[in-house]
There are 2 protein chains.
Amino acid sequence: MGTNVVTPFKHADHDHEHCVDDALNRAERQCRDNGVRLTAIRRRVLELIWRRHEPMKAYDLLDMLRSERRSAAPPTVYRALDFLLEEGLVHRIESLNAFVGCGDPKQPHVGQFLICQHCNAVAELNDGDVYRVLSNKAAELGFQVNSQTIEINGICPACRQATQAADSLESPPNGG
Amino acid sequence: MGTNVVTPFKHADHDHEHCVDDALNRAERQCRDNGVRLTAIRRRVLELIWRRHEPMKAYDLLDMLRSERRSAAPPTVYRALDFLLEEGLVHRIESLNAFVGCGDPKQPHVGQFLICQHCNAVAELNDGDVYRVLSNKAAELGFQVNSQTIEINGICPACRQATQAADSLESPPNGG
DNA sequence: GCAGCCATGTTATAGTATTGCAGAGACTGA
DNA sequence: TCAGTCTCTGCAATACTATAACATGGCTGC
């Protein structure tokens, strides 16, 4: 009955090469199934997003893209992002004006995000309880839900540990 | 045990003059209590936001402000908004890049919004259940919550009624 | 080939937000 | 009252985010 984690926090020791490849393979497959084209640009933008494995800004993506494709301009990256959003391959984080890869583009996903303010890592949840509670509250008020934007800011487990360790070094209870 | 509605949807028949005055009085009182200054500009921006009673864009506020204060520039309105956000007198709707008045600035408010895509009306909730469910899910994953951005898009009760009425006129079951 | 469609190139512009510095105004304590 | 200090505002410039509009090119099916 645990929480459904679509995309976990990036762990320092996870096989990142593999994780990027997986995401691209999933994307290839899904686009083929849906009869849409994962063109070179679109694929590259998706790869750039997954490679950093954290929320990416459109203009940062543009800079990267430009270094390898002189003709890249804002519409280039925004069009690619629009496509990827449409296909559910990425999500937009409203509170950051940034984009993250989706770990499970196939299933319907409302996009519930935990965002670390310290290291920028993002985890995506798709939790039925959260969805239901919100939907029920809305229904109580006669409101018809179309989409939900849920973005939780805070500190991820890794940064909490790191911070606590640092704190105990910097200001020991009886130190001086 | 109902849902705690901080700011309900604006009803066509509510006493809007009174509602704006209330908001300004609350703001005056709170700023006095907190030892901060609700200057003319800040007060005016807050009033402009409440007067429309829907999410207001910074540059729309700027246009209004400029019509009565030649010197108004982007920093003028953004500084006022920063102050009002700080004091909890307004909230920022991330998904709209817009600002709404807060119906209850005193109590801690996480900001849970129902946003009508049809008429732009916004209701603010402060629902313990929603907060708890999200906090618990985060805690399960070792995530320390700092702030929550919750924005639900959909159709408000009034627009649902209006739409249904219009639909039944436009496309009656056996009509031509 | 070529007609139609989709993706991309290109230029321009719209919309959102911040920086940095200078000057004006309000509080504080002598 | 006055100087010192702090906050607020004026002002100009710029950074950042996103879209519009039209031209070009390339694939697909015939």
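Numbers restart at 1 for each chain; the letters A, B, ... are given by sequence-line order, proteins then strands.
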Take the protein atom CE of A:Met56 and the nucleotide atom P of D:dC16, then report the distance between them rounded to whole Å. 15 Å
In whole Å, what is the span from the CG atom of A:Leu65 to the P atom of C:dA7? 17 Å
Within the pair B:Arg92 and C:dA17, is there a side-chain N or O less than 4.0 Å away from OP1 or OP2? yes
Grab the CG-P distance between A:Asn97 and D:dA15 for me, whole Å please. 18 Å
Below the 4.0 Å mark, does D:dC8 have OP1 or OP2 next to a side-chain nitrogen or oxygen of B:Arg79? no
Does the C:dG9 base have a donor-acceptor partner in the side chain of A:Arg66 within less than 3.5 Å? no
Determine the contact category for B:Arg37: base if any of its heavy atoms lies under 4.0 Å from a base atom, sugar-phosphate if only primed atoms, P, OP1 or OP2 are that close, otherwise nothing. sugar-phosphate
Looking only at N and O atoms, is any donor in the side chain of A:Arg69 or the base of C:dG9 less than 3.5 Å from an acceptor on the other one? no
Working to the nearest 0.5 Å, report the span between CD of B:Glu54 and SG of B:Cys119. 7.5 Å
Give the ring-plane orientation class for B:His14 versus B:His16, where under 30° counts as parallel, over 60° as perpendicular and anything between as tilted. tilted
Given DNA chain C, 5'-ward residue of the pair A:Val36 and A:Ala73, judged by closest heavy atom: A:Val36
Output the rounded distance in Å from CD (A:Glu87) to P (C:dC6). 14 Å
Counting side-chain heavy atoms from CB outward, which of C:dT18, C:dA7, D:dA18 is closest to B:Pro74? C:dT18
Starting at the 5' end of DNA chain D, which residue's closest nucleotide do you reach first, A:Pro75 or B:Thr39? B:Thr39
Measure from CD on B:Glu86 to C1' on D:dC8 and round the result to the nearest Å. 15 Å
Would you indicate which nucleotide in D:dC8, C:dT16, D:dT19 comes nearest to any side-chain atom of B:Tyr78? C:dT16
Around atom CD of A:Gln161, are there more than 12 heavy atoms of other residues, nucleotides or ligands at under 6.0 Å? no
From CD1 (A:Ile150) to CD (B:Gln148), nearest 0.5 Å: 9.0 Å
Tell me if a side-chain donor or acceptor on B:Glu151 pairs with a main-chain N or O of B:Ile93 at a distance below 3.5 Å. no
Ignoring hydrogens and angles, are the base of C:dA17 and the side chain of B:Tyr59 linked by a donor-acceptor pair under 3.5 Å? yes
Please tell me if B:Lys57 has a side-chain N or O lying less than 4.0 Å from either OP1 or OP2 of C:dG15. no
I'd like to know if A:Arg70 reaches the base of C:dG9 with its side chain, counting only an N/O donor and acceptor under 3.5 Å. no
Between CG of A:Asp63 and P of D:dT17 the distance, given in whole Å, is 11 Å
Atom-to-atom span, CZ of B:Phe83 to C1' of D:dT9 - whole angstrom: 14 Å
Quick one: B:Leu81 CG to C:dT16 P, roughly how many Å, whole number? 12 Å
